[in-house]
Amino acid sequence: MRENEQAASENSGRHGETIVLDGTYGNLGRFREFVREACRGRGPNGPNPERIEEIILAVNEAVVNIMRHALAERIGEPVTLGVHVAGRTLTVTLEDKGLPFDRAGVAAPCFDGSRESGFGIFIIEQLADRVAYQQRSEGGNRLQLTFNW
Amino acid sequence: MQLTTDVVDHIAVITPMAEALDAGNAKAFRNAMAPVLNVYARVALDLSGIGFVDSSGCGVLLSCLKRTNQAGGDLKLFSVQKPVRAMFELIRLHRIMDILNNRQEAIRAFD
C-alpha cells in the first residue's frame, strides 16, 4: 500500500500533520482516525467530543467526494490529508490529482427522503466554518476546511 | 456485512455487525439487507454498535425505508448513538424515519 505519514510535532512548534493514503473506500476509517487523533492531540485546549465528531464527518464527506467525483475511474490514487492547528482553529487540507471540482454543478440537497444521495457538500458546508477550494496549478484539487471551536 | 436477525411478532430486528456505516460498506449493508427486505416489511434496526454514519450510510437507510414502505411496512431505528443522531438531524433524517430509544420501544412502535 502506498503510504507516507509525516507526523509533525508539538515539540517543533509546528502543530501540523500530514498523511497520504490511497484514495479507496477501505481507507476511510484510517482518514477518520487520523483526524480524530489530530484533534485529541490538542488535549483540553482542543475541540470537544461533539465538535471532533463534526470535523470527522465533514472530512469523511470531503474524502468520499474526492474518491467518487475527482478520482472517479482512477479511484485508488493518493489523497493527501493535512491537519494544522493554530489556537482554537483546525485547518484540514485535502489534495488530489483528480478531475476539477465544480461547486456550481452541485444540486441542493433534498430532505424529503426522495433522494438517497447529494448531502455531502451540504454537510461539509454546514459543519466547517470556512470552505476554500482551488484547482492546483499542477493539476487536481486543493480543498481547505477550517473548523473553529 | 454480517447481520444478526431476530424475529419478534413478524418484525425483523436487525443488528449490523459493524462499527460504522459509510461509503466503504454501504453497498455490503444493502446486499445483506436485501434478503431480509424480501421477506419482512416491518424492520427494526439496532444501531447501538454503529458509532459513525456518513451520507452514504444515510442513503442506504433511506433505500431500506423505501423498500419497507413499498411493501406496506416500515423501518424503525433504535439505540442510536449521539454522533449518529446528530448526523441524522443534520440532514433531517429524523423527520422521515422513526428513531426510538431502545428495542422495546421500536417493537411497540409498530403497533
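We name chains A, B, ... by the order of the sequence lines, and we start the count at 1 in each one. Note that these values count all heavy atoms, side chains included, but never hydrogens, waters or copies made by symmetry.
Salt bridge annotation for B:Lys82-A:Glu50: present, with a cationic side-chain nitrogen under 4.0 angstrom from a carboxylate oxygen.
Using a 4.5 Å cut-off between heavy atoms, B:Val60 does not touch chain A at all. B:Ala23 touches chain A through backbone and side chain together, each having a heavy atom under 4.5 Å away. At a 4.5 Å heavy-atom cutoff, the contact between A:Glu116 and chain B is made by backbone and side-chain atoms alike. With a threshold of 4.5 angstrom between heavy atoms, A:Phe111 approaches chain B through its backbone and through its side chain. For chain A, the nearby parts of B:Leu90 are the backbone and the side chain; heavy atoms of each come within less than 4.5 Å. Heavy atoms of A:Ile123 lying under 4.5 Å from chain B belong to its backbone as well as its side chain. With a threshold of 4.5 angstrom between heavy atoms, A:Arg68 approaches chain B through side-chain atoms but not through N, CA, C or O.
Between chain A and the residues B:Leu61, B:Leu65, B:Asp54, B:Leu62, the most heavy-atom pairs under 4.5 angstrom are made by B:Asp54. By number of non-hydrogen pairs under 4.5 angstrom with chain B, the leading residue of A:Gly29, A:Ser114, A:Gly26 is A:Ser114. Of the listed residues (B:Glu19, B:Lys66, B:Met97, B:Arg92), the one with the most heavy-atom contacts under 4.5 Å to chain A is B:Arg92. Of the listed residues (B:Pro83, B:Ser63, B:Gly24), the one with the most heavy-atom contacts under 4.5 Å to chain A is B:Ser63.
Checked against A:Thr93 for a side-chain hydrogen bond (donor to acceptor under 3.5 Å, both in side chains), the options A:His84, A:Gln144, A:Arg142 give a single hit: A:Gln144.
In summary, the side chains of B:Asn38 and B:Arg67 do present a donor paired with an acceptor at a separation below 3.5 Å, with no hydrogens or angles considered.
When every heavy atom of B:Ser56 is checked against every heavy atom of A:Val64, the shortest pair comes out as OG-CG1, 4.4 Å. Closest of all the heavy-atom pairs between A:Leu145 and A:Phe147 is CB-CE1, 3.6 Å.
Counting heavy atoms from C-beta on, the side chains of A:Val106 and A:Phe101 come closer than 4.5 Å. Counting heavy atoms from C-beta on, the side chains of B:Val53 and B:Ile50 come closer than 4.5 Å.
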I would like to know whether A:Asp96 and A:Arg136 meet salt bridge (Lys or Arg N to Asp or Glu O under 4.0 Å); could you show each step before the answer?
CA-CA 9 Å; A:Asp96 65 76; A:Arg136 301 164 71 194; over 6 Å; no
